[in-house]
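Handing you this structure, nothing more for now.
Convention: sequence-line order gives letters A, B, ...; per-chain numbering from 1.
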Number of protein chains: 2
Amino acid sequence: MMDKEEHLFEVFENLIRIKNECSCTIFSECGLSDMTVKQIAYLKAIDEQREVTFSRLAEITRNSKPTITEMINKFVRMECVYRERCPDDGRILYIRLTDKGKKIAHAEHNAMRRVIEQMVNSLDEHEMDLLIGILQKVR
Amino acid sequence: MMDKEEHLFEVFENLIRIKNECSCTIFSECGLSDMTVKQIAYLKAIDEQREVTFSRLAEITRNSKPTITEMINKFVRMECVYRERCPDDGRILYIRLTDKGKKIAHAEHNAMRRVIEQMVNSLDEHEMDLLIGILQKVR
DNA sequence: TTATGATTAGGTATAACCTAACTAACGAAG
DNA sequence: CTTCGTTAGTTAGGTTATACCTAATCATAA
């Protein structure tokens, strides 16, 4: 049994490697290999909220509003987000992700997609069913 | 087919989630949730080399020697590494990982192991064979 | 006119790097 | 066996950038 565990380990290492390669490709496609984990987390936070304002983001991330302004200015320089004024209330600005911002926020997700696509290409329908059946059992 | 892809995606998301939970557990077991990606990469570099010295690490990481001294002092404060003088040449110091340092360097690896262990517990031998057979086909 | 949302100004702390100068230890030459 | 050049690591001191903050200001809404 130990032997099988080892084998399974190698197989999964391989899959994770493929996934990481995909993430890296996506990040370098955006020309942002040096982005910090925190920055990516912030972009994700912006993505998850809809219609997020500066005050709201300050609340969520537990930072002061000037910190958020600074952060957003940086993201604007990086072309990841833009400001959109609320049509009903001129004081409010929404923070929106650009295509590039979305790409980064979804990078992990998309890397996963690419690996799955590779699977779909490598496996037949029967194997897919088997795989789904087996992996569903793991909790 | 689209439907199966979606299904497979969910199944894998679940596995990755389990793995990430494991990594987080391992990091917080070390009381170091705020470690940077770079620091972990450096610990891994120390782990991969054997008998690594300050000069060698400066070479590998393309930093100056004072930078390495500073970095190692920090890791010593974090109780991740210690210095060991070379018995044959008093000028040379080896950088060694403590148990905590090793734990961090191997965190990803160990998280993977835990997930595999969960698989081994959830699946019978036949299912394991099937799984290995199927996943090996993905390249 | 007061409250609210965002920005600006100005400041602090720390990280992550650097060069130059120093100390300790080795090893070969005289 | 001393001395001198070399090597390994450290210290001192500096730079630059990041990531935060408070207080004050500006624009808009109610």
Using the salt bridge (Lys or Arg N to Asp or Glu O under 4.0 Å) rule, collect all pairs that involve residues 103-112 of chain A, keeping only residues at least two apart or in two chains.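 Sorted pair list: K19(A)-E108(A), E29(A)-K103(A).
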Between residues 45-63 of chain B and DNA chain D, which residues have a heavy-atom gap below 4.0 Å? T53(B), F54(B), S55(B)
Under 4.0 Å between any heavy atoms, over every strand shown, what does R85(A) touch: base, sugar-phosphate, or nothing? Just pick one. nothing
Heteroatom pairs (N/O) under 3.5 angstrom, protein to nucleotides 21-24 of chain C:
none

Could you check how far CE of M71(B) sits from P of dA15(C), rounded to whole Å?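 Rounded to the whole Å, the gap is 14 Å.
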Pairs touching residues 56-81 of chain A that satisfy salt bridge (Lys or Arg N to Asp or Glu O under 4.0 Å), sequence neighbours left out: R56(A)-E59(A)
Holding to side-chain hydrogen bond (donor to acceptor under 3.5 Å, both in side chains), I want the full list of residues that pass it with S64(A), two or more places apart in sequence or in another chain. T67(A)
L93(A) side chain: which of dT18(D), dT7(C), dC21(D) is closest? dT7(C)
Nucleotide of dC26(C), dT10(D), dC17(C) approaching K38(B) most closely (side-chain heavy atoms): dC17(C)
The side chain of Q39(B) is closest to which nucleotide in this list: dT22(D), dA16(C), dA25(C)? dA16(C)
Kindly state each residue pair satisfying side chain to side chain donor-acceptor pair (under 3.5 Å) with at least one member in residues 114-123 of chain B, sequence neighbours excluded.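 For residues 114-123 of chain B, and leaving out neighbouring residues, there are no side chain to side chain donor-acceptor pair (under 3.5 Å) pairs at all.
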CG/L97(A) to CG/L43(A) distance, rounded to the nearest 0.5 angstrom?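 Going from CG on L97(A) over to CG on L43(A), the span is 6.0 Å.
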Residues pairing under salt bridge (Lys or Arg N to Asp or Glu O under 4.0 Å) where one sits in residues 42-54 of chain B, two or more places apart or in two chains, turn out to be E51(B)-R96(B)
Restricting to pairs with a member in residues 39-88 of chain B, which pass ring-ring contact (aromatic ring centres under 6.0 Å, His included), not counting sequence neighbours?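 Counting only pairs at least two positions apart or across chains, no ring-ring contact (aromatic ring centres under 6.0 Å, His included) contact touches residues 39-88 of chain B.
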Taking 4.0 Å as the cut-off, does a side-chain nitrogen or oxygen of K65(A) come that near to OP1 or OP2 on dT4(C)?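 No, outside the criterion.
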DNA chain D: D89(B) or G90(A), which has the more 5' nearest nucleotide? D89(B)
Under 4.5 Å side-chain heavy-atom separation, chaining through any Ile, Leu, Val, Met, Phe, Trp or Tyr, what else clusters with I92(B)? Say none if it is isolated.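 Y94(B), which link up through side-chain heavy atoms under 4.5 Å apart, make up the rest of the cluster.
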Five pairs per end, C1' atoms only: what is the angle between the end axes of the helix from dT1(C)-dA30(D) to dG30(C)-dC1(D), to 10 degrees? 10°
With F9(B), which residues qualify under ring-ring contact (aromatic ring centres under 6.0 Å, His included), at least two apart?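 Per chain and number, F9(B) pairs via ring-ring contact (aromatic ring centres under 6.0 Å, His included) with H109(A).
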Assign Y42(B) to base, sugar-phosphate, or nothing according to its heavy-atom contacts below 4.0 angstrom with the strands shown. sugar-phosphate
Please examine the side chains of Q49(B) and I60(B), heavy atoms only from C-beta on, and report whether any two atoms are closer than 4.5 Å. yes
Listed partners of E21(B) passing side chain to side chain contact (heavy atoms under 4.5 Å, CB included), at least two apart: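 R17(B).
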Determine: side-chain N/O of T69(B) to OP1/OP2 of dG9(D), distance under 4.0 Å, yes or no. no
